[in-house]
Amino acid sequence: LRQVGQGKAIKSFKRNICRSPIAEAVFRKMATDAGLVDKWLIDSGATSDWNTGSSPDSRGLACLRKYGIETSHRARQVTKDDFMSFDYILCMDESNLSDLKKKANSVKNCKAKIELLGSYDPQNQLIIKDPYYGSDEDFEKVYEQCLRCCKAFLEKNT
């Protein structure tokens, strides 16, 4: 997520095809519904280059469509520039957090605050588990967690 004017943020995950496209699409819809989308530039990226250019997982897309949310997302990798231009980089688990902090240490003018998206969860579920090897129900859990976390993040940062 990148907030235009007030701050900027990006959501980041290992492959950028499951959790992050859901979080990105959920946040975009929330910001749009709240009349705040013009204040945010919303994006997501991967800590690896495994799926660069790929569409989101079909199960994640089906989950989003169930709630009337569409996305045209294509996977991309987080770049050094992201650490200089984004105010927030939000990730899903400790592995992503560690990878991002290592990358941030190599960036001279890093201004991004790197934190877990789950740190905003009112139900205190800090980690948002990767549903890739799971079921449709696991994608639903990710959607529900992203909904709670993105709502809290938006409320805190607007």
Side-chain angles (χ1 to χ4, degrees), residues 1-5 7-34 36-93 95-104 106-107 110-118 120 127-147 149-151 153-154 157:
L1 304 173
R2 190 178 323 182
Q3 187 178 6
V4 179
K8 303 170 185 174
I10 186 172
K11 298 196 183 308
S12 180
F13 317 99
K14 194 67 158 183
R15 293 183 300 267
N16 197 218
I17 60 168
C18 291
R19 297 173 287 181
S20 52
I22 291 172
E24 177 187 344
V26 164
F27 191 84
R28 185 181 314 282
K29 174 132 177 41
M30 275 186 190
T32 299
D33 290 350
L36 299 169
V37 76
D38 60 332
K39 297 191 182 302
W40 292 88
L41 180 57
I42 302 160
D43 201 356
S44 63
T47 58
S48 74
D49 62 359
W50 295 348
N51 295 99
T52 300
S54 297
S55 295
D57 187 286
S58 61
R59 297 165 295 172
L61 290 173
C63 179
L64 288 170
R65 283 188 199 112
K66 179 178 170 182
Y67 296 99
I69 302 173
E70 295 291 330
T71 182
S72 58
H73 175 80
R74 293 280 183 212
R76 73 170 189 89
Q77 189 171 16
V78 172
T79 67
K80 285 188 176 189
D81 286 343
D82 292 333
F83 291 95
M84 296 181 289
S85 61
F86 286 88
D87 293 329
Y88 300 95
I89 297 180
L90 305 171
C91 56
M92 298 293 195
D93 59 38
S95 175
N96 295 152
L97 189 63
S98 175
D99 290 347
L100 288 164
K101 285 185 174 183
K102 283 179 193 168
K103 287 184 181 194
S106 71
V107 176
C110 177
K111 74 172 192 176
K113 182 177 182 180
I114 303 164
E115 57 190 359
L116 292 167
L117 178 60
Y120 292 91
I127 303 302
I128 300 174
K129 294 180 182 175
D130 189 350
Y132 187 75
Y133 295 106
S135 66
D136 292 346
E137 183 178 298
D138 295 314
F139 280 85
E140 285 286 330
K141 285 180 185 175
V142 167
Y143 172 82
E144 290 165 9
Q145 284 180 278
C146 288
L147 197 62
C149 296
C150 289
K151 181 176 188 268
F153 178 84
L154 186 61
N157 292 287

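Note that this is a predicted model, so its numbers are computed, not measured.
- Once rounded to the nearest 0.5 Å, the distance linking CG of Asn96 with CD1 of Ile114 reads 11.0 Å.
- Ser44 and Pro21 make their closest contact through OG-N, 4.4 Å (heavy atoms, listed as atom of the first residue, atom of the second, distance).
- Looking at Asp93, its side chain never comes within 3.5 Å of a backbone N or O of Ile127 through a donor-acceptor pair.
- Here the side chains of Val78 and Phe86 are not in contact, with every heavy-atom distance at 4.5 Å or above.
- Residues forming a side chain to side chain contact (heavy atoms under 4.5 Å, CB included) with Glu140 (at least two apart in sequence, or on another chain): Cys63, Lys66, Tyr67, Glu144.
- Side-chain contact between Glu70 and Arg65: present, with at least one pair of heavy atoms (C-beta onward) separated by less than 4.5 Å.
- By the 4.5 Å heavy-atom criterion applied to side chains, Cys18 and Val142 are not counted as neighbours.
- Listed by chain and residue number, Glu137, Asp138 satisfy the side chain to side chain contact (heavy atoms under 4.5 Å, CB included) test with Lys141 (two or more places apart in sequence, or in another chain).
- The CD atom of Gln77 lies 4.5 Å from the NZ atom of Lys103; values are rounded to the nearest 0.5 Å.
- Atom-to-atom distance recorded for Ile69:CD1 and Phe27:CZ is 13.0 Å, nearest 0.5 angstrom.
- Leu147 is listed as a side-chain neighbour of Met30, based on a closest heavy-atom distance under 4.5 Å.
- Taking Tyr120 as the reference, Phe153 meet the ring pair (Phe, Tyr, Trp, His ring centres under 6.0 Å) condition, with sequence neighbours excluded.
- In summary, the side chains of Asp81 and Ser85 do not present any donor paired with an acceptor at a separation below 3.5 Å, with no hydrogens or angles considered.
- Take Asp33 and apply the salt bridge (Lys or Arg N to Asp or Glu O under 4.0 Å) test, not counting sequence neighbours, and it matches Lys29.
- Leu116 has its side chain within reach of Cys91: a pair of non-hydrogen atoms, C-beta onward, lies under 4.5 Å apart.
- Put simply, CG on Asp43 and CG on Asn16 are 8.0 Å apart, with the number rounded to the nearest 0.5 Å.
- By the 4.5 Å heavy-atom criterion applied to side chains, Lys101 and Cys110 are not counted as neighbours.
- Rounding to the nearest 0.5 Å places NZ of Lys111 at 11.5 Å from CG of Asp82.
- Counting heavy atoms from C-beta outward, His73 and Leu64 have side chains that stay 4.5 Å or more apart.
- Evaluation of the salt bridge (Lys or Arg N to Asp or Glu O under 4.0 Å) rule for Lys113 yields Glu115 as partners, not counting sequence neighbours.
- The heavy-atom pair separating Val107 from Met84 by the smallest distance is CG1-CG, 3.5 Å.
- Judged by distance alone, with hydrogens and angles left aside, the side-chain atoms of Ser98 form no donor-acceptor pair with the main-chain N or O of Ser95 at under 3.5 Å.
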- prompt: Could you go step by step and tell me if Leu100 and Phe83 meet the side-chain contact (heavy atoms from CB on, under 4.5 Å) rule?
  reply: CA-CA 9 Å; Leu100 288 164; Phe83 291 95; 3.9 Å; yes
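- From Ile22, atom CD1 reaches atom CD1 of Ile17 across 10.5 Å, with rounding to the nearest 0.5 Å.
- Arg59 contributes no side-chain N or O that, together with a main-chain N or O of Phe139, makes up a donor-acceptor pair within less than 3.5 Å.
- Judged as a salt bridge (Lys or Arg N to Asp or Glu O under 4.0 Å), and not counting sequence neighbours, Lys129 has no contacts.
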